[in-house]
Amino acid sequence: MAMERHILVIFPHPDDETFSSAGTLARFVDEGVPVTYACLTLGQMGRNLGNPPVATRESLPHIRERELEEAANVIGITHLRKMGLRDKTVEFEPHDEMDTMIQGLIDDTNPSTIISFYPGYAVHPDHEATAEAVVRTVQRLPETERPKLQLVAFSNDAVDALGEPDIVNDISEYKEQKLKAFEAHQSQTGPFLEQLANPQGRASGVPSDVAAFLTTETFWTYHFD
């Protein structure tokens, strides 16, 4: 990976960073690149309460906040910003307020690259709203001032629609670090951890190649028309 000035990571939920890019971010940190992670919500409406349960509906926001902090610490992220939006409502935030928030993050960090979701291929409404706000905001910047957009596409048809990923990072060197970040998000990642421990008994909703999450991370660059 080329040397970067600053990496700005923008995702809506605790654990988005771990599933998508924990190894990539850990490598940036090792290379001495500043990484700022702006997490828009605390995932307080998450369906999972742990298996066995470690949270109640009332305690889940506090638990997920602690999990976020622990995962960021495992990855090596020291600049963590909690933006205070409510889980499962990001899609309803006014566009001008979302864009002002994103612009403020850009102004504060002067990133050379932003890591977020790819609009249209991010699966969850909060993911899509975040992706759209990032693209809208960066598109308004003068072309010479735009940070690169290194985006995550989780949709099953992403490769058919977008082509093969532009960036494929072998993160085998950071496998244990990413696994520990998964473990930090214990209220949400039980099925993945169970599948890793028992690859013959795939849990419902877990990809068959779940182990690939620990060795490879893929991204698409966004090209403005």
(message) According to salt bridge (Lys or Arg N to Asp or Glu O under 4.0 Å), does anything in residues 147-168 pair up with another residue at least two apart or in another chain? List the pairs.
(response) Glu4-Lys148

(message) If you compare all heavy atoms of Arg64 against all heavy atoms of Pro14, which two are closest, and at what distance to 0.1 Å?
(response) NH2-O, 2.6 Å

(request) Return the set of residues passing ring-ring contact (aromatic ring centres under 6.0 Å, His included) with Tyr118 (not counting sequence neighbours), or none when no residue passes. (result) Tyr121, Tyr222

(request) Apply salt bridge (Lys or Arg N to Asp or Glu O under 4.0 Å) to Asp30 and list each qualifying residue two or more places apart in sequence or on a separate chain. (result) none

(request) Flag yes if more than 12 heavy atoms outside Lys180 fall under 6.0 Å of its NZ atom; otherwise flag no. (result) no

(message) Please give me the minimum heavy-atom distance between Ala133 and Met98, naming the atom from each residue.
(response) CB-CE, 3.8 Å

(request) For the residue pair Thr216 and Asn169, establish whether any side-chain heavy-atom pair is separated by less than 4.5 Å. (result) no

(message) Check for me, please, whether Phe224 and Leu151 land in the same ILVMFWY cluster - side-chain distances under 4.5 Å, paths through other members count.
(response) yes

(message) For a quick check under 3.5 Å, do Glu17 and His185 share a side-chain donor-acceptor pair by atom type?
(response) yes

(request) Sort out for me which residue in His13, Lys88, Arg86 forms a side chain to side chain donor-acceptor pair (under 3.5 Å) with Asp126. (result) His13

(request) Take Glu128 and Val90 through the side chain to side chain contact (heavy atoms under 4.5 Å, CB included) test and state the conclusion after the steps. (result) CA-CA 9 Å; Glu128 294 290 354; Val90 178; over 6 Å; no

(message) Please check this pair: side chain of Lys178 against backbone of Thr18, looking for a donor-acceptor N/O pair closer than 3.5 Å.
(response) yes

(request) Identify, with sequence neighbours excluded, every residue that meets salt bridge (Lys or Arg N to Asp or Glu O under 4.0 Å) alongside Arg146. (result) none

(message) I want to check something: taking the side chain as every heavy atom from C-beta on, are Leu68 and Asp15 in contact at a cut-off of under 4.5 Å?
(response) no

(message) Less than 3.5 Å apart, any donor N or O on the side chain of Glu217 or Ser20 sitting next to an acceptor on the other?
(response) no

(request) Consider only side-chain N and O atoms of His6 and Thr36, and report whether a donor and an acceptor are under 3.5 Å apart. (result) yes

(request) Show the numbers, then the answer: is there a salt bridge (Lys or Arg N to Asp or Glu O under 4.0 Å) between Arg140 and Glu145? (result) CA-CA 10 Å; Arg140 291 195 188 99; Glu145 298 178 14; over 6 Å; no

(request) Just grab all the ring pair (Phe, Tyr, Trp, His ring centres under 6.0 Å) pairs involving residues 129-170, residues at least two apart or on different chains. (result) Phe117-Phe154

(message) I'd like to know whether Ile167 forms a side chain to side chain contact (heavy atoms under 4.5 Å, CB included) with Thr218, so could you lay out the CA-CA distance, the side-chain angles of the two residues, the decisive distance to 0.1 Å, and finally the verdict.
(response) CA-CA 6 Å; Ile167 300 167; Thr218 60; over 6 Å; no

(message) Can you list everything that forms a ring-ring contact (aromatic ring centres under 6.0 Å, His included) with His79? Sequence neighbours excluded, please.
(response) none

(request) For Asp87 and Gly43, work out which heavy atoms get closest and say how close. (result) OD2-C, 3.2 Å

(message) Using the rule that Ile, Leu, Val, Met, Phe, Trp and Tyr join whenever any side-chain heavy atoms are under 4.5 Å apart, tell me whether Leu105 and Leu149 fall into a single cluster.
(response) yes

(message) Using the side chain to side chain donor-acceptor pair (under 3.5 Å) definition, which of the options Thr100, Asp99, Asp107 pairs with Gln103?
(response) Asp107

